[in-house]
Amino acid sequence: MHKLTNMLTTSTLAALEEMLQNTARSTPQEYLPIHFLGGTRSGQVIGHLNPDFIPYLQESLAKNPISHLEMGHDRLTIHNAKPLSLSESLAKLADRMHQGGFIPGWRHEDFAWIDQNGHEYFRLERSAFRTFGFQSMASHINGYTKAGNLWLGRRSETKATDPGRLDNLAAGGIGADETPWVNARRELWEEAGVPPQIADQIEPVGRIHMRRPIPGRGFHDEQLYIYDLELAENFIPTNHDGEVSGFIEISLSEAAARILADEFTSDAAFVTADFILRNTKAISV
């Protein structure tokens, strides 16, 4: 895409740049840290608990302890074990939290918790990752045309999170047995009907680390793997999995306006803002 084809005001670009500086927010002080003992992350904090969840969890673990887990007054400690055993213990904990009403939108799909060296330590129901503040991964794909427009999806009104909000052409959490690349290609087909021969042309362009508290849900900590994909002018996205209610094709200036009007999901807003900043030149007004 030629940068001269998309020109935004300096004030709009400055607003997007300022927004992108706030992707990783600090954890609120009142959140309870989750420590991991053992392995390459021994002694480090790998998650956080919303204070609203703590009394229920303390009472539950006091009555019925779970192996490898230790609840103190100032932390929850996870003791390292074989991945299968640790996953079983955390699954019991997540099931209790789900029964207590603290984990909505149960997905019956696992995410993997992976350290900085790429080693997997446990798997857990994906909807529980936010409850415990564990870091997850997702892929996001910017679909653009040679004319300089972006294709955006609108999330279904039945989605458990961010119903009706604008999203990237395709995006999704990376499952326990997926790589970012494999996930991106799968999501492109399921969400936007992009066939494999086109999806193979995705271009990896970077990564964004998102961290923010979610009121009533927990703490969102996710690595977003970002891809760009040029689409033919005659390509029309078609949803296959029911998670997208429709698509719109808009200019980068309109996309910027919709970001600043808070019409996007938080993650897609940052990914789209990053794309706009990489593909525009400023004009003075």
Side-chain angles (χ1 to χ4, degrees), residues 23-24 46 83 87 105-130 132-144 150-156 159-163 165-212 214 220-231 235 237-245 247 264-275:
T23 59
I46 67 166
S87 297
W106 199 265
R107 300 287 291 272
H108 301 285
E109 178 186 345
D110 284 348
F111 278 169
W113 189 83
I114 298 171
D115 73 2
Q116 69 270 29
N117 297 318
H119 295 298
E120 179 180 320
Y121 280 81
F122 59 82
R123 296 185 176 197
L124 184 64
E125 157 67 32
R126 65 177 289 176
S127 59
F129 262 64
R130 279 188 177 182
F132 298 110
F134 296 144
Q135 186 175 120
S136 55
M137 301 180 293
S139 64
H140 282 250
I141 304 94
N142 297 296
Y144 68 95
L150 270 175
W151 276 105
L152 302 171
R154 186 173 295 280
R155 292 168 68 87
S156 168
K159 290 283 286 183
T161 55
D162 298 320
R165 285 186 167 265
L166 291 176
D167 209 336
N168 299 114
L169 172 69
I174 297 171
D177 290 309
E178 292 185 311
T179 64
W181 179 272
V182 168
N183 174 267
R185 293 171 73 259
R186 177 177 64 79
E187 293 288 354
L188 277 166
W189 173 250
E190 292 179 359
E191 294 193 349
V194 178
Q197 63 269 29
I198 298 177
D200 283 344
Q201 300 174 42
I202 56 174
E203 177 188 2
V205 293
R207 188 174 65 180
I208 296 175
H209 187 190
M210 296 290 299
R211 296 181 83 250
R212 67 183 187 279
I214 308 293
H220 178 62
D221 187 339
E222 193 159 67
Q223 293 282 358
L224 309 182
Y225 290 81
I226 315 302
Y227 298 90
D228 289 351
L229 176 64
E230 182 177 336
L231 298 169
F235 181 81
T238 306
N239 180 249
H240 288 161
D241 62 7
E243 295 191 0
V244 180
S245 62
F247 294 89
F264 281 73
T265 70
S266 294
D267 291 355
F270 285 108
V271 172
T272 306
D274 172 71
F275 181 88

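- For the pair Ser139 and Pro180, the tightest heavy-atom approach, listed with the atom from each and the gap, is CB-O, 4.0 Å.
- Side-chain N or O atoms of Asn117 include none that pairs as donor or acceptor with a backbone N or O of His119 at under 3.5 Å.
- With rounding to the nearest 0.5 Å, the separation of CD1 in Ile202 from CG in Asn142 is 11.5 Å.
- Taking CD1 from Ile198 and CG from Asp200, the interatomic distance works out to 10.0 Å, rounded to the nearest 0.5 Å.
- Considering all non-hydrogen atoms of both residues, Glu125 and Gly105 come closest at OE2-O, 4.4 Å.
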Stepwise, does the side-chain contact (heavy atoms from CB on, under 4.5 Å) test hold for Trp113 with Arg123? CA-CA 6 Å; Trp113 189 83; Arg123 296 185 176 197; over 6 Å; no

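- A salt bridge is defined here as a Lys NZ or Arg NE, NH1 or NH2 lying under 4.0 Å from an Asp or Glu carboxylate O, and Asp267 with Arg165 fails to meet this definition.
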Under the side chain to side chain donor-acceptor pair (under 3.5 Å) rule, what do Ser136 and Asp221 come out as? Steps first, then yes or no, please. CA-CA 6 Å; Ser136 55; Asp221 187 339; over 6 Å; no

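- Scanning all heavy atoms of the two residues, the minimum distance from Gln201 to Leu229 falls at C-CD1, 3.9 Å.
- Remark: Thr23 engages Leu20, Ile208, Met210, Phe270 in a side chain to side chain contact (heavy atoms under 4.5 Å, CB included) (not counting sequence neighbours).
- Using a 4.5 Å heavy-atom threshold, the side chains of Val271 and Phe264 count as separate.
- Here the options are Asn168, Leu169, Thr272, the test is side chain to side chain contact (heavy atoms under 4.5 Å, CB included), and the partner is Leu150; only Thr272 passes.
- Between Arg130 atom CZ and Glu222 atom CD the span is 7.0 Å, to the nearest 0.5 Å.
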side-chain contact (heavy atoms from CB on, under 4.5 Å) between Leu152 and Phe247, worked out: CA-CA 6 Å; Leu152 302 171; Phe247 294 89; over 6 Å; no

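- The CD atom of Glu109 sits 9.5 Å away from the OG atom of Ser127 when rounded to the nearest 0.5 Å.
- The minimum heavy-atom distance between Ile174 and Tyr225, with the atom names listed, is CD1-CD1, 4.0 Å.
- Between Ala176 and Glu120, the closest heavy-atom pair is O-OE1, 4.2 Å.
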Walk me through whether Phe134 and Phe122 qualify under ring-ring contact (aromatic ring centres under 6.0 Å, His included). CA-CA 11 Å; Phe134 296 144; Phe122 59 82; 5.2 Å; yes

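- Between Asp274 and Arg207, no side-chain nitrogen of the basic residue sits less than 4.0 Å from a carboxylate oxygen of the acidic one, so the salt-bridge criterion is not met.
- Salt-bridge check for Arg154 with Asp167: failed, with every basic side-chain N at 4.0 Å or more from each acidic carboxylate O.
- Tyr227 contributes a side-chain N or O that, together with a main-chain N or O of Trp181, makes up a donor-acceptor pair within less than 3.5 Å.
- Put simply, the side chain of His240 gets close to the backbone of Trp189: a donor and an acceptor are under 3.5 Å apart.
- Residues satisfying the side chain to side chain contact (heavy atoms under 4.5 Å, CB included) test with Ala24, not counting sequence neighbours, are Arg211.
- Legend: salt bridge (Lys or Arg N to Asp or Glu O under 4.0 Å) pairs involving residues 189-198, not counting sequence neighbours, sorted by first then second residue: Arg186-Glu190.
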Does Ser245 form a side-chain contact (heavy atoms from CB on, under 4.5 Å) with Arg155? I'd like the steps, not just the answer. CA-CA 6 Å; Ser245 62; Arg155 292 168 68 87; over 6 Å; no

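- In this structure, CZ in Phe111 is found 7.0 Å from CZ in Phe129, a value given to the nearest 0.5 Å.
- The structure places CD of Gln135 at 10.5 Å from CD1 of Ile46, a figure rounded to the nearest 0.5 Å.
- For Asn239 against Glu243, the heavy-atom pair with the smallest separation is OD1-N, 3.4 Å.
- Two residues are said to be in side-chain contact when any heavy atoms from C-beta on lie closer than 4.5 Å; Tyr144 and Phe275 meet this criterion.
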